[in-house]
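Data block below; observations after.
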Amino acid sequence: GAPDIAEGTPVQARHSEKQLALYGVEMEFREAITSRWWMTLIAGLIAMLGTTLALLPSFRSIRQGDRS
Amino acid sequence: MNGTHAMLTHFPVGFWALATLMILVGAFLSGRLAEISRAALLPVLVLSLLGGLAAIIIGLLVWPMEANLASPLTRNHILMAFWSLGIFSMITVLVWKAGDAAFEGNRRWALVILALTGGLMFSSAGTLGGHLAGASTAFSDVLGLMGWDVYTTFYSPLWAIAVMVIIGIALGALGLMNQRKTG
């Protein structure tokens, strides 16, 4: 959209009503959405870490005993 | 920095795509090609993590953090980049731990599921980066068909976040207990 902005094309000419409504919600609730986004990002990483720890015992090297 | 970031992202995306293919070949095929794929997977994964870290660090320097957080597209790009790094870190740790036995028995299914999930995530991170650099791909439309308009922030309801954290903590505790039991 940068060329349109540079030419000064009004937003309504290059966005649907639905898009503008969604952007409006994003701006109006920006802080709440950003905080929920952070929580989602971190919760996903916690779930990945937990899943890794749960899978690790099943991924032990079969030959590990031979080394000791 | 934008150009440097675009250049650096070729490394994780290339290595992750290669690792995903190697996992699929190693899990479903037999013969020399499958053997080579299984044997060479760990170095590819380690290099992918180094590339991913470099791309993320440089990526965070492209714009000020305040600008990054102000845009839904950038928020989505950051989330998918970190989740991609997370998924492929999981695969790296598991493959490193299992050594030659990473593909034996049901383990291969865990690797296949993780690799395909990671593939979806780094593809999303890539197409979102394309939007930010002014070169989007048709993959965004595929995400749209799956119900996610990439111009809106990707976030979960509070209950889903709680479920993710509870699952993470419960599985982590279970894994640690099992590790102690089996020594």
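All chains are named by letter (A, B, ...) in the order of the sequence lines, taking the proteins before the strands, and each is independently numbered beginning at 1. Hydrogens, waters and symmetry mates play no part in the numbers below; they use all other heavy atoms, side chains included.
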Under 4.5 Å to a heavy atom of chain A? For B:Ala173 that would be neither
- prompt: Cluster question for you: counting only ILVMFWY and a side-chain heavy-atom cut-off of under 4.5 Å, with indirect links fine, are B:Met22 and B:Phe28 together?
  reply: yes
hydrophobic_cluster_shared for B:Phe15 and B:Leu116, side chain cutoff 4.5 Å: yes
Under 4.5 Å to a heavy atom of chain A? For B:Ile167 that would be neither
Distance col, row B:Phe154:CZ vs A:Leu41:CG, nearest 0.5 angstrom, shows 10.5 Å
Max heavy-atom pairs within cutoff under 4.5 Å with chain A, candidates B:Arg107, B:Met164, B:Met177, goes to B:Arg107
| task | Determine, using the 4.5 Å side-chain heavy-atom cutoff (strictly less than), whether A:Leu53 and B:Ile166 are members of one ILVMFWY cluster. | result | no
Cut-off 4.5 Å, heavy atoms of chain B, and the answer for A:Leu45 is both
Pair count under 4.5 Å, heavy atoms only, with chain A: among B:Ser156, B:Ala102, B:Ala170, highest is B:Ser156
In terms of heavy-atom pairs under 4.5 Å with chain A, the winner among B:Leu94, B:Thr153, B:Val93, B:Ile78 is B:Leu94
Whatever's closer than 4.5 Å to a heavy atom in chain A on B:Asn106 counts as neither
Hey, mind stepping through A:Leu55 and B:Lys97 against side chain to side chain contact (heavy atoms under 4.5 Å, CB included) and telling me if it holds? CA-CA 10 Å; A:Leu55 286 172; B:Lys97 181 82 177 167; over 6 Å; no
Between A:Ala43 and B:Val165, the two heavy atoms sitting closest are CB-CG2, 3.8 Å
Rounding to 0.5 Å, atoms CE (A:Met48) and CZ (B:Phe88) come to a distance of 10.5 Å
query: In this structure, are over 12 heavy atoms from other groups packed under 6.0 Å from B:Phe11 atom CZ?
result: no
One option among B:Ala98, B:Ser89, B:Gly172 has the most heavy-atom pairs under 4.5 Å with chain A, and it is B:Ala98
| Derivation and outcome, side chain to side chain contact (heavy atoms under 4.5 Å, CB included), residues A:Trp38 and B:Leu69 | CA-CA 10 Å; A:Trp38 271 120; B:Leu69 295 180; 4.1 Å; yes
- request: Please check if atom CH2 in B:Trp109 has more than 12 non-hydrogen atoms from other residues, nucleotides or ligands closer than 6.0 Å.
  value: no
Short side-chain donor-acceptor distance under 3.5 Å, B:Thr152 and A:Glu26: no
Turns out that what part of A:Ser58 lies under 4.5 Å from chain B's heavy atoms comes down to backbone
Count I, L, V, M, F, W, Y as connected when their side-chain heavy atoms are under 4.5 Å apart, and connections chain through other members. Are B:Leu47 and B:Leu53 then in the same cluster? yes
task: Before giving the answer on side chain to side chain contact (heavy atoms under 4.5 Å, CB included), spell out for B:Leu158 and A:Met39 the whole-Å C-alpha distance, their side-chain angles and the decisive distance to 0.1 Å.
output: CA-CA 9 Å; B:Leu158 209 52; A:Met39 289 161 77; 3.3 Å; yes
inquiry  = Between B:Trp159 and A:Ile33, is there shared hydrophobic-cluster membership here, with clusters defined by ILVMFWY side-chain heavy atoms closer than 4.5 Å?
reply    = no
The residue among A:Leu49, A:Ile46, A:Thr51 that forms side-chain contact (heavy atoms from CB on, under 4.5 Å) with B:Leu171 is A:Thr51
Closest non-hydrogen contact found for A:Pro57 with B:Gly175 is CG-O, 3.7 Å
Note: A:Thr40 and B:Trp83 closest approach over all heavy atoms is O-CZ2, 3.3 Å
key: Neighbour count above 12 (heavy atom, 6.0 Å) for B:Phe103 CZ   = yes
Under 4.5 Å to a heavy atom of chain A? For B:Leu85 that would be neither
Fill in: From CA spacing to verdict: side chain to side chain contact (heavy atoms under 4.5 Å, CB included), A:Phe59, B:Leu111
CA-CA 11 Å; A:Phe59 272 79; B:Leu111 294 181; 4.0 Å; yes
If one checks every heavy atom of B:Ile161 against chain A at 4.5 Å, the contacting part turns out to be both
